[in-house]
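Reminder, nothing fancy here: chain letters follow the sequence lines and each chain counts from 1. Hydrogens, waters and symmetry mates are skipped; everything else that's a heavy atom, side chains included, is used.
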Number of protein chains: 2
Amino acid sequence: MYICPMYSSGLIKGTLKTIILNLLKNENRMYGYEITQKVKDLTGSKIKITEGALYPTLHALEKQGDLITEKEYIGKRVRKYYKLTDQGKTTVQERVNEFADFIQTMRFLLDLDSPKQNV
Amino acid sequence: MYICPMYSSGLIKGTLKTIILNLLKNENRMYGYEITQKVKDLTGSKIKITEGALYPTLHALEKQGDLITEKEYIGKRVRKYYKLTDQGKTTVQERVNEFADFIQTMRFLLDLDSPKQNV
DNA sequence: TTGCATACTTAAGATTCTTATGTATATTTG
DNA sequence: CAAATATACATAAGAATCTTAAGTATGCAA
């Protein structure tokens, strides 16, 4: 198993819930493993969600009422599908808007909008 | 002391060093308290660096060789100025580039580039 | 039949932040 | 001028969130 270049210093920290919720906004329902693969695919392996981060986060989102689960058996193997609740749909918008605002602030703070950064 | 709306869920997490280093890139040298005020001003209080986060981070950056200090006395009060080392200047570029890349990835992942998000 | 992919769970440890406490000087304001 | 606020640093305890690791088990391909 190879290691690919990922973001250091925990940039992902704090965005994991937002990513998961937003995926479910577009996909209706997904199961855990599917989420990790989708994120890996969409980001060209720049973001890889580890299982140790994913499953506790899914459980937390369910506990706080943003997700509900549907268990299904694929052969003998359990698969837990997650989907947004109505509350979850609101939470997604809040989270995404907040993140959009945050990166605007950061772009300004780090001078990322001005041209000729690397001259 | 009033509480103003800040970013929840630790979005700032992982970006603090980047913010500090980038400020010092433009300002030559700054002291801790000055940094907190500058960030508060530049972000309209959207980002407030607490002392408990700031000082340990400054110490860590010094320890890892990105910053050096100059103590000065203003009257009887100590003030520690921080400035970038040569290594620190490299680190800033790396950190900022990484963060710029990260928000590009996130903008794509969260669909922030497509118009009519909030219609 | 061995290894890899799929699929979920949880515990231990690391990192990074918040909150709280402590110390001390300087300035503003009633 | 006394009290409150601002300046200025430090650090410890606790919370949140992630990584790493270990465990369990099925399905498939070489």
Whole-Å gap separating P (C:dT16) and CG (B:Leu11): 16 Å
Main-chain N/O of B:Asp101 paired with B:Thr105 side-chain donor or acceptor, under 3.5 Å: yes
Distances under 3.5 Å between protein N/O atoms and the N/O atoms of nucleotides 1-4 of chain D, please, pair by pair.
none

OP1 or OP2 of C:dA5 under 4.0 Å from side-chain N/O of A:Tyr33: no
C:dT15 base / A:Lys13 side chain donor-acceptor hit below 3.5 Å: yes
Length of the CG-C1' vector between A:Leu54 and C:dT9, whole Å: 11 Å
Worked check of side-chain contact (heavy atoms from CB on, under 4.5 Å) between A:Leu24 and A:Asn28: CA-CA 5 Å; A:Leu24 285 164; A:Asn28 263 329; over 6 Å; no
Sequence-aligned protein contact record of nucleotides 20-30 of chain D, with B where the base is within under 4.0 Å of a protein heavy atom and S where only the sugar-phosphate is: B-----BS---
Pairs involving residues 52-62 of chain A, ordered by first then second residue, that meet side-chain hydrogen bond (donor to acceptor under 3.5 Å, both in side chains) (sequence neighbours left out): A:Glu62-A:Thr69
Pairwise 5' ranking along DNA chain D for B:Gln37 and B:Pro56, keeping only the more 5' one: B:Gln37
Nearest-Å distance for atom pair CE/P, residues B:Met30 and D:dC9: 11 Å
Donor-acceptor under 3.5 Å (A:Glu34 side chain, A:Tyr31 main chain): yes
Heavy-atom side-chain contact between B:Ile47 and B:Lys40 under 4.5 Å: no
Separation of A:Ile49 CD1 from A:Leu23 CG (nearest 0.5 Å): 7.0 Å
Pairing of B:Asp66 and B:Lys17 as salt bridge, 4.0 angstrom limit: no
Note: A:Lys80-A:Glu70 ion pair, threshold 4.0 Å (strictly below): no
Separation of C:dT15 P from B:Lys63 NZ (nearest whole Å): 11 Å
Phosphate OP1/OP2 of D:dA16 contacted by A:Lys17 side-chain N/O (<4.0 Å): no
Short side-chain N/O contact to C:dC8 OP1/OP2 from A:His59, under 4.0 Å: no
Salt-bridge present (B:Lys83, B:Glu27; N to O < 4.0 Å): no
A:Ile12 CD1 to D:dA16 C1', straight-line distance once rounded to whole Å: 16 Å
Among D:dT7, C:dC8, D:dA10, the one nearest A:Tyr31 by side-chain distance: C:dC8
Among C:dT9, C:dC17, D:dT11, the nucleotide that comes nearest once only the side chain of B:Thr57 is considered: C:dC17
Salt-bridge contact B:Arg29-B:Glu72 (side-chain N to carboxylate O under 4.0 Å): yes
Value in whole Å for how far the P atom of D:dA8 lies from CD1 of B:Ile49: 16 Å
Sugar-phosphate, base or nothing in reach of A:Leu16, heavy atoms under 4.0 Å: sugar-phosphate
Presence of A:Tyr55 side-chain N/O under 4.0 Å of C:dT9 phosphate oxygens OP1/OP2: no
Whole-Å gap separating C1' (D:dT17) and CD (A:Gln64): 13 Å
Distance in angstrom units between A:Lys38 NZ and C:dT6 P, rounded: 15 Å
